Amino acid sequence: MSSAISFKEVRKTFPPTTKALDDIDLEIKEGEFLVVVGPSGCGKSTLLRLVAGLDKPTKGDIELFGKNAASIEPQDRDIGMVFQNYALFPHLSAFDNIAYGLKVRRESQPEIRKKVETVARKLEIAELLKRKPHQLSGGQRQRVALARLLARDPKIHLFDEPLGNLDPQFRTGMRIELARLHKENQRTTLYVTHDQTEAMTLGQRICVLQNGQILQIGSPEEIYEKPAHRFVAEFFGSPGTQCIDGKIEHSPNRESRFVSDKLSLNLPESQLPGGSITLGIRPENWEFVSAENAALKAIILGVENLGDHRLLEMNAGNQNIYIKTSKSDIYEKEEIFVSPLWNKVSWFERYTGKRI
Ligand code: ATP
């Protein structure tokens with residue numbers, strides 16, 4: 001697959017000192033759905049604005065289908081964008097909002113009508129086309145904004161937190177719909193969000209951004225199971241990976257232990273170097289075992305019933321630990337015996353946060 005969007009050592013600074021993007025190298029393939037995810041202020045919107053041509057890089061190049069974007073005017077980039085705040089024209093009806101880009105392109109009236117009505121049916125807003133934005137709910141407005149993009153059918157689709165203003169139950173439906181639409185139209189899509197669930201469910205690949213730098217690019221499975229950085233491990237999952245700072249100790253009888261201020265765990269085998277380290281373990285990666293095989297004896301402090309599973313807060317040697325389990329016969333103050341699923345834990349360098 002050829003490259004649709006590529007960032008080559010792209011930096012964007014805002015005076016006096018903000019480095020919104022710091023030497024970004026990123027390639028989005030033609031037809032790919034790539035999600036850029038990260039906390040507020042990490043540079044997500046800046047990244048989109050550069051692609052759309054609403055802003056220019058301070059350094060480096062962006063290429064669109066192999067051509068330097070600096071030589072393409074924003075209106076000639078064949079890009080459509082959907083924003084969190086919908087950005088609809090308030091004085092125009094839903095129909096005219098959707099038709100806007102087609103009118104600018106001077107398409108014929110019958111052609112415009114056909115395209116608007118087709119996307120409106122697809123997005124189930126055909127009955128609402130006469131209404132103005134203030135007569136529509138948030139979810140309906142978002143559909144109009146999406147219909148406007150689909151009617152024009154640009155080569156690149158950009159989404160900036162498009163579901164941010166929707167109620168959680170609408171978000172799930174829209175996520176499924178966006179994935180379905182992409183499957184149908186196969187347009188190159190760059191989608192930014194701070195929501196890890198959206199990233200996981202929508203992205204064919206995910207790019208995790210922090211402080212203007214890429215921490216990891218990979219498939220949802222890679223990001224979840226092999227986080228390249230402690231931040232990525234903690235960011236994904238609900239709750240995310242629990243990270244415990246400590247050190248590895250090797251004893252003369254070749255036994256190894258992970259030791260923190262509050263916890264000591266015997267390791268089954270260890271090729272890890274001795275010294276400072278961070279252990280990362282997901283709440284679902286503990287198993288209940290017999291007392292003699294247990295890495296930890298713990299007391300349950302709290303049980304949260306989440307329907308299909310329980311989230312346990314437990315205490316072992318003064319360390320609070322979170323466990324997700326499908327067990328239902330489990331109660332506060334109970335004593336339990338658990339061990340990590342060692343083949344699923346992650347280890348990180350303590351001071352850089354990088355995966356070992
Ligand atoms: P959010 O999720 O809150 O929208 P974001 O990840 O999209 O955040 P950006 O809007 O890209 O982040 O901003 C990245 C950094 O650049 C932030 O520190 C922001 O304050 C700064 N920034 C963005 N635009 C400007 C500007 N026009 N002038 C100065 N600083 C800016």
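Here the structure is a predicted model, which is why all the values come from computation and not from measurement. Order of listing sets the numbers, starting from 1, for every ligand and every atom in it.
At under 3.5 Å, a nitrogen or oxygen of Ser45, whether backbone or side chain, sits near a nitrogen or oxygen of ligand 1. For ligand 1, none of its N or O atoms has an N or O atom of Phe14 under 3.5 Å away.
In summary, the side chains of Ser251 and Arg257 do not present any donor paired with an acceptor at a separation below 3.5 Å, with no hydrogens or angles considered.
Within a 4.0 Å radius of atom 20 (O) of ligand 1, the protein contributes no non-hydrogen atoms.
Using a 30° and 60° split on the angle between ring planes, Tyr100 and Phe89 fall in the tilted class, from 30° to 60°. Using bins of under 30°, 30° to 60° and over 60° for the plane-to-plane angle, the ring pair Phe235/Phe231 lands in the parallel bin. In this structure, Tyr191 and Phe159 have tilted ring planes: the angle between them lies in the 30° to 60° band.
The closest protein non-hydrogen atom to atom 14 (C) of ligand 1 is Gly41 O, 3.4 Å. The nearest heavy-atom contact from the protein to atom 2 (O) of ligand 1 is Lys44 NZ, 2.9 Å. Ranking the protein heavy atoms by distance from atom 3 (O) of ligand 1 puts Ser40 OG, 2.6 Å first.
At a 4.0 Å heavy-atom cut-off, ligand 1 touches Thr18 through the side chain alone.
Close approach to Ala20 involves these atoms of ligand 1, each under 4.0 Å from a residue heavy atom: 14 (C), 15 (C), 16 (O).
The shortest distance between side-chain heavy atoms of Arg310 and Lys324 does not fall below 4.5 Å.
Heavy-atom distances between Cys42 and ligand 1 reach below 4.0 Å in at least one pair.
Residue Leu123 is grouped with residue Leu88 when hydrophobic side chains (ILVMFWY) are merged at heavy-atom distances under 4.5 angstrom, including chains of intermediate members.
Considering each of Thr46, Val36, Leu21, Leu47, the one bringing a non-hydrogen atom nearest atom 11 (O) of ligand 1 is Thr46.
Atoms CG and CD1, on Leu272 and Ile277 in that order, are 4.5 Å from each other to the nearest 0.5 Å.
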